[in-house]
Amino acid sequence: MIALIRYTFATVLHTQRYVAPLLLFTGLLGVLTVNGNGPLPAAYASSAGAMFVCSTWLAVAVTSLDEPPQRAITVVTAGGRPLRVLLAAIGTVLLSCLALMAVGLAFPLWLGDHAVTAADLLLGVEAQLACALTGTAIGVLCSRQVFTRQGHAVVAALALLTGALFTKGLPPVNRLFALMATTPDAAPLLAPAGAMLALSALLLTASTAATHCVGGHRQ
């Protein structure tokens with residue numbers, strides 16, 4: 001698995017598939033959080049939103065790196081286990097999101113004027129992890145293993161992103177953002193955010209299983 005993740009990282013770096021999601025994350029983070037002030041939960045909701053969009057794009061790019069012949073070779077090299085290759089791609093995305101999460105936590109503090117507590121930082125971690133897992137779940141489900149045509153994958157990803165962001169009260173993303181935008185104190189939000197994080201992990205598990213099932217039937 002470590003070798004597969006290293007291979008995936010090397011391929012991502014070589015093909016520069018990370019550039020567009022990284023620029024999008026930086027742009028959204030700058031627009032949504034620069035020169036902010038007041039309670040941190042609202043600022044961290046903005047950085048989590050940037051993480052959500054970026055992780056979706058990154059997951060689509062990473063899980064669709066190889067053309068079908070190259071993917072078949074990679075699967076054979078991995079012992080004939082396509083699930084292992086898929087998990088390596090997901091691991092690569094999540095490790096990348098962890099690096100971005102540090103930026104998302106520090107950026108509002110650097111350019112804004114906020115009173116920070118340990119509860120604020122923990123809430124920011126929970127929110128960004130929940131959004132990273134949910135975005136990765138959408139990206140995996142919209143990968144080449146499920147949609148053979150790139151246009152269909154893009155439309156599906158946009159539809160799922162829009163629904164998750166703007167459907168009122170829909171967990172985990174919209175519900176989490178609504179709570180963080182309306183509650184200035186982070187401490188009461190830690191338990192609900194933890195529940196949203198657990199739900200996002202379940203969504204990623206279900207998305208991975210569905211993608212593996214569809215991809216296995218096609219192979």
Side-chain angles (χ1 to χ4, degrees), residues 21-59 93-94 96-142 156-207:
L22 180 60
L23 290 176
L24 179 64
F25 177 78
T26 305
L28 288 175
L29 199 62
V31 170
L32 296 175
T33 64
V34 68
N35 295 328
N37 52 45
L40 259 177
Y44 279 153
S46 298
S47 59
M51 175 68 78
F52 178 54
V53 177
C54 175
S55 61
T56 303
W57 191 338
L58 189 61
V93 174
L94 295 180
S96 303
C97 289
L98 287 178
L100 294 177
M101 184 177 67
V103 178
L105 289 174
F107 196 83
L109 302 178
W110 178 38
L111 294 181
D113 183 16
H114 302 280
V116 58
T117 65
D120 290 322
L121 294 176
L122 182 56
L123 177 63
V125 170
E126 287 182 335
Q128 291 198 77
L129 281 177
C131 287
L133 292 175
T134 306
T136 303
I138 292 175
V140 168
L141 200 59
C142 298
L158 287 175
L160 291 173
L161 265 176
T162 303
L165 280 171
F166 299 113
T167 301
K168 187 175 180 179
L170 181 66
V173 176
N174 183 274
R175 177 60 178 163
L176 181 60
F177 288 172
L179 290 172
M180 295 175 70
T182 56
T183 308
D185 186 8
L189 295 177
L190 293 179
M196 296 301 104
L197 177 57
L199 177 59
S200 65
L202 290 176
L203 289 175
L204 179 56
T205 302
S207 173

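Given the structure is predicted, the values throughout are model-derived calculations rather than measurements.
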Minimum heavy-atom separation for [X] to [Y], with atom names?
{"X": "Gly104", "Y": "Leu29", "answer": "CA-CD2, 4.2 Å"}
{"X": "Val93", "Y": "Ala59", "answer": "CG2-CA, 3.8 Å"}
{"X": "Val173", "Y": "Ala164", "answer": "CB-O, 3.7 Å"}
{"X": "Ile138", "Y": "Thr56", "answer": "CG2-CG2, 3.8 Å"}
{"X": "Leu165", "Y": "Asn174", "answer": "O-ND2, 2.7 Å"}
{"X": "Phe177", "Y": "Ala45", "answer": "CE2-O, 3.6 Å"}

Run the numbers on Tyr44 and Leu105 for side-chain contact (heavy atoms from CB on, under 4.5 Å), then give the verdict.
CA-CA 7 Å; Tyr44 279 153; Leu105 289 174; 3.9 Å; yes

In Å and rounded to the nearest 0.5 Å, what is the CG to OG1 distance from Leu203 to Thr136?
11.5 Å

Roughly how far, to the nearest 0.5 Å, is SG of Cys142 from CH2 of Trp57?
14.0 Å

Look at the side chain of Ser207 and the backbone N and O of Leu204, then say whether any donor-acceptor pair between them is shorter than 3.5 Å.
no

Looking at Thr183 and Met180, would you say the former's side chain and the latter's main chain have a donor-acceptor pair under 3.5 Å?
no

Only pairs under 3.5 Å count here: list side-chain donor-acceptor contacts from residues 124-135, not counting sequence neighbours, and write none if there are none.
from: Gln128; atom 1: NE2; to: Met101; atom 2: O; distance (Å): 3.3
from: Thr134; atom 1: OG1; to: Ala130; atom 2: O; distance (Å): 2.8

Tell me, please, which residues at least two apart from Thr117 pass side-chain contact (heavy atoms from CB on, under 4.5 Å).
Ala119, Asp120

Do Ser96 and Leu58 pass the side-chain contact (heavy atoms from CB on, under 4.5 Å) test, and can you show the C-alpha distance, the side-chain angles, and the key distance before you say yes or no?
CA-CA 9 Å; Ser96 303; Leu58 189 61; 3.7 Å; yes

Contact check, side chains of Thr26 and Leu100, non-hydrogen atoms, under 4.5 Å:
no

Kindly determine whether Leu189 and Leu176 satisfy side-chain contact (heavy atoms from CB on, under 4.5 Å), including the steps that lead there.
CA-CA 9 Å; Leu189 295 177; Leu176 181 60; over 6 Å; no

